[in-house]
Colleague: 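What follows is a single structure, and I will ask about it in a moment.
All figures in this text were calculated on a predicted structure; none of them were measured in a lab. Every chain is numbered from 1, with letters handed out A, B, ... down the list of sequences.
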Number of protein chains: 2
Amino acid sequence: MAQKNKLQFIILGLLNQQPLTGYDLTKAFDSEIGEFWQAQHSQIYPQLKRLESQGYITHEITISGEKLEKKLYHITPTGQALVRDWITTGTPELTASKDEFILKLYFVQTNQDPRLPEMLTEQLQLHTEKLAHLKMRLKTVFPTVTAQKVHYGHYLILQHALGREQYYVEWLQQTLAALPTV
Amino acid sequence: MAQKNKLQFIILGLLNQQPLTGYDLTKAFDSEIGEFWQAQHSQIYPQLKRLESQGYITHEITISGEKLEKKLYHITPTGQALVRDWITTGTPELTASKDEFILKLYFVQTNQDPRLPEMLTEQLQLHTEKLAHLKMRLKTVFPTVTAQKVHYGHYLILQHALGREQYYVEWLQQTLAALPTV
DNA sequence: CCATCCATGTAAGGAGTTACATGATTGG
DNA sequence: CCAATCATGTAACTCCTTACATGGATGG
């Protein structure tokens, strides 16, 4: 029941690129991957155990410094097959998204509402900042066309996130501009 | 714990426009509102009870036909105050979104991958259909500029959803076009 | 008459968040 | 030395989905 466990595939996908620790995975979910999927470490560690018990991954213990143990997870051939299947299988359900702010706008009944300018301006600032941030990241991570080809998938999603944000900013600007002048 | 109950505000927002039954609310979540928030009836009915016990809404029983009882929910002044607060309070947390398909692309390591064309084409079709659907709805629901002003919030979100979809379609097209020719 | 929709609920379970808990390492 | 980060886990709780369950109304 409930929705299908997609987190497992994403973890496997990440481990398919290189061995990682739970901590590394957690970081991935709030940097690269974070634009399109989120997960906390409290969700990741148990999932790793489950994947290991199912034979999709194994771990190797490495020592950092004097005695800090790290579990470096590796994907197994079975795990690799699972990732391939997941990617190859179609994705017919357009993942539904939520946006609290847009809904608030929905409940504003008229374009005369005095709260609109500040509401839109706040979001414009937030999204403009995020856009700037994404632009910078794209520039630093993929300075050359060659780099884009080497980490193709990473380039694609960063660039998609940027375009999405760009749209949001432009929409906010247009909506603000279209408000009746007081 | 876990995230703040936003569903309650959305329900109150809807009831603030007009009295509705649980069934009506459920429908709203898979039509108008559905682009930006989703909820099933199994989540809505219990929430209505909670809101009523807290004094934010009341219900009135109406009879359809011979004996079918409907509960028509009305918002109370306290409920209205709560909606106002929710809307007026800033929305600094950009609701994180998920997109399974984009993640699959992330795991495709190179733009030479033979699976890419079909993957992108499938999504292009899905999103093109959705875009067409949204365009039609915008045209039928808001044929005139006057209609846009009367249901301003509704117009805003429909038009935002459309633009968002437009971007997605264009991005897919560009990404497809940029693939190396075989 | 019968399929589709209207209408309302509950149960079970997985997904996801926040908080609790602990300890080592590194760099300034 | 001390703050920030690395590193791993569990507990509690809410959110959300799927399934179970029931019955009336409507239109062709």
Side-chain angles (χ1 to χ4, degrees), chain A residues 1-11 19-31 33-34 36-54 57 59-73 93-100 103, chain B residues 1-11 19-31 33-34 36-54 57 59-73 93-100 103:
Chain A
M1 275 187 222
Q3 86 216 10
K4 207 160 167 206
N5 183 350
K6 285 164 191 167
L7 177 63
Q8 64 179 325
F9 298 118
I10 299 166
I11 290 178
L20 296 167
T21 65
Y23 188 82
D24 294 332
L25 286 164
T26 304
K27 275 192 306 180
F29 280 96
D30 51 48
S31 56
I33 299 295
F36 300 102
W37 207 273
Q38 303 81 41
Q40 275 69 44
H41 76 273
S42 57
Q43 217 184 340
I44 291 167
Y45 287 112
Q47 185 64 65
L48 284 169
K49 289 202 167 171
R50 246 171 290 151
L51 285 169
E52 184 159 37
S53 77
Q54 293 169 316
I57 58 175
H59 80 267
E60 159 203 4
I61 291 183
T62 63
I63 305 283
S64 245
E66 288 296 300
K67 50 180 165 174
L68 182 61
E69 292 193 347
K70 291 203 284 186
K71 292 186 181 175
L72 198 59
Y73 285 93
E93 343 71 38
L94 307 180
T95 331
S97 61
K98 300 189 169 184
D99 188 322
E100 189 183 1
L103 275 178
Chain B
M1 278 188 221
Q3 85 217 11
K4 198 148 178 222
N5 184 350
K6 285 166 191 167
L7 177 63
Q8 65 180 324
F9 298 118
I10 299 166
I11 290 178
L20 295 168
T21 65
Y23 189 83
D24 295 332
L25 286 164
T26 305
K27 275 191 306 177
F29 279 97
D30 51 48
S31 56
I33 300 295
F36 300 103
W37 206 274
Q38 303 80 41
Q40 275 67 45
H41 76 274
S42 58
Q43 216 184 340
I44 292 167
Y45 288 112
Q47 184 65 64
L48 284 169
K49 287 201 169 172
R50 246 170 290 151
L51 285 170
E52 185 160 35
S53 78
Q54 292 169 317
I57 58 177
H59 79 267
E60 158 203 5
I61 292 182
T62 63
I63 306 285
S64 245
E66 288 296 299
K67 50 179 164 174
L68 182 62
E69 291 194 348
K70 292 203 284 187
K71 291 186 181 174
L72 199 59
Y73 285 93
E93 344 71 38
L94 307 180
T95 331
S97 60
K98 300 190 168 182
D99 189 321
E100 189 183 3
L103 275 177

Colleague: Quick check on DNA chain D: between Lys70(A) and Pro46(A), whose nearest nucleotide comes earlier from the 5' end?
Modeller: Lys70(A)

Colleague: Round to a whole Å and report the spacing from CZ of Arg50(A) to P of dT10(D).
Modeller: 11 Å

Colleague: Starting at the 5' end of DNA chain C, which residue's closest nucleotide do you reach first, Asn5(A) or Lys71(B)?
Modeller: Lys71(B)

Colleague: Would you tell me if any nitrogen or oxygen in the side chain of Lys98(A) comes within less than 4.0 Å of OP1 or OP2 on dC16(D)?
Modeller: yes

Colleague: Rounded to the nearest Å, what distance is computed from the CD atom of residue Gln47(A) to the P atom of nucleotide dG14(C)?
Modeller: 12 Å

Colleague: Looking at OG1 of Thr62(B) and CD of Glu69(B), how far apart are the two atoms once the value is rounded to the nearest 0.5 Å?
Modeller: 9.0 Å

Colleague: Run through Gln43(A), Arg50(A), Lys49(A) and flag the one making a side-chain hydrogen bond (donor to acceptor under 3.5 Å, both in side chains) with Gln47(A).
Modeller: Arg50(A)

Colleague: What is the distance from CD1 of Ile44(A) to C1' of dA15(C), rounded to the nearest Å?
Modeller: 13 Å

Colleague: Hey, does the side chain of Gln43(B) come within less than 4.0 Å of dC16(D)'s phosphate (OP1/OP2), counting only N and O?
Modeller: yes

Colleague: Indicate whether OP1 or OP2 belonging to dT8(D) is found under 4.0 Å from a side-chain N or O atom of Thr21(A).
Modeller: yes

Colleague: Think Lys49(A) has a side-chain N or O under 4.0 angstrom from the OP1 or OP2 of dT10(D)?
Modeller: yes

Colleague: Roughly, in whole Å, what's the span from NE2 in His41(B) to C1' in dT22(D)?
Modeller: 11 Å

Colleague: Using every non-hydrogen atom in the two residues, find where Phe36(B) and Leu103(A) come nearest and quote the distance to one decimal.
Modeller: O-CD1, 4.0 Å

Colleague: Write down the atom of Lys67(A), the atom of Ile63(A), and the distance for their closest heavy-atom approach.
Modeller: CA-CG2, 3.9 Å

Colleague: So Lys6(A), base contact, sugar-phosphate only, or nothing? Heavy-atom distance under 4.0 Å.
Modeller: nothing

Colleague: Of the nucleotides dC6(C), dT18(D), dA7(D), which has the atom closest to the Asp24(A) side chain?
Modeller: dA7(D)

Colleague: Please report the distance, rounded to the nearest Å, between OH in Tyr45(A) and P in dA11(D).
Modeller: 16 Å

Colleague: Could you state the atom-to-atom distance from CG of Leu48(A) to C1' of dA7(D) in whole Å?
Modeller: 13 Å

Colleague: So for atom CD, which belongs to Glu66(B), do other residues, nucleotides or ligands contribute more than 12 heavy atoms lying within a distance under 6.0 Å?
Modeller: no

Colleague: Closest to the Leu68(B) side chain: dT18(C), dG23(C), dA7(C)?
Modeller: dA7(C)

Colleague: To the nearest angstrom, how far is Ile63(B) atom CD1 from dT8(C) atom P?
Modeller: 11 Å

Colleague: Under 4.0 Å between a side-chain N or O of Tyr23(B) and OP1 or OP2 of dT8(C)?
Modeller: no

Colleague: Between dA19(C), dT18(D), dT25(C), spot the one nearest the side chain of Glu66(A), thanks.
Modeller: dT25(C)

Colleague: What is the distance, rounded to the nearest whole Å, between atom CD of Gln38(A) and atom C1' of dT18(C)?
Modeller: 16 Å

Colleague: Please tell me if Lys67(A) has a side-chain N or O lying less than 4.0 Å from either OP1 or OP2 of dT25(C).
Modeller: no

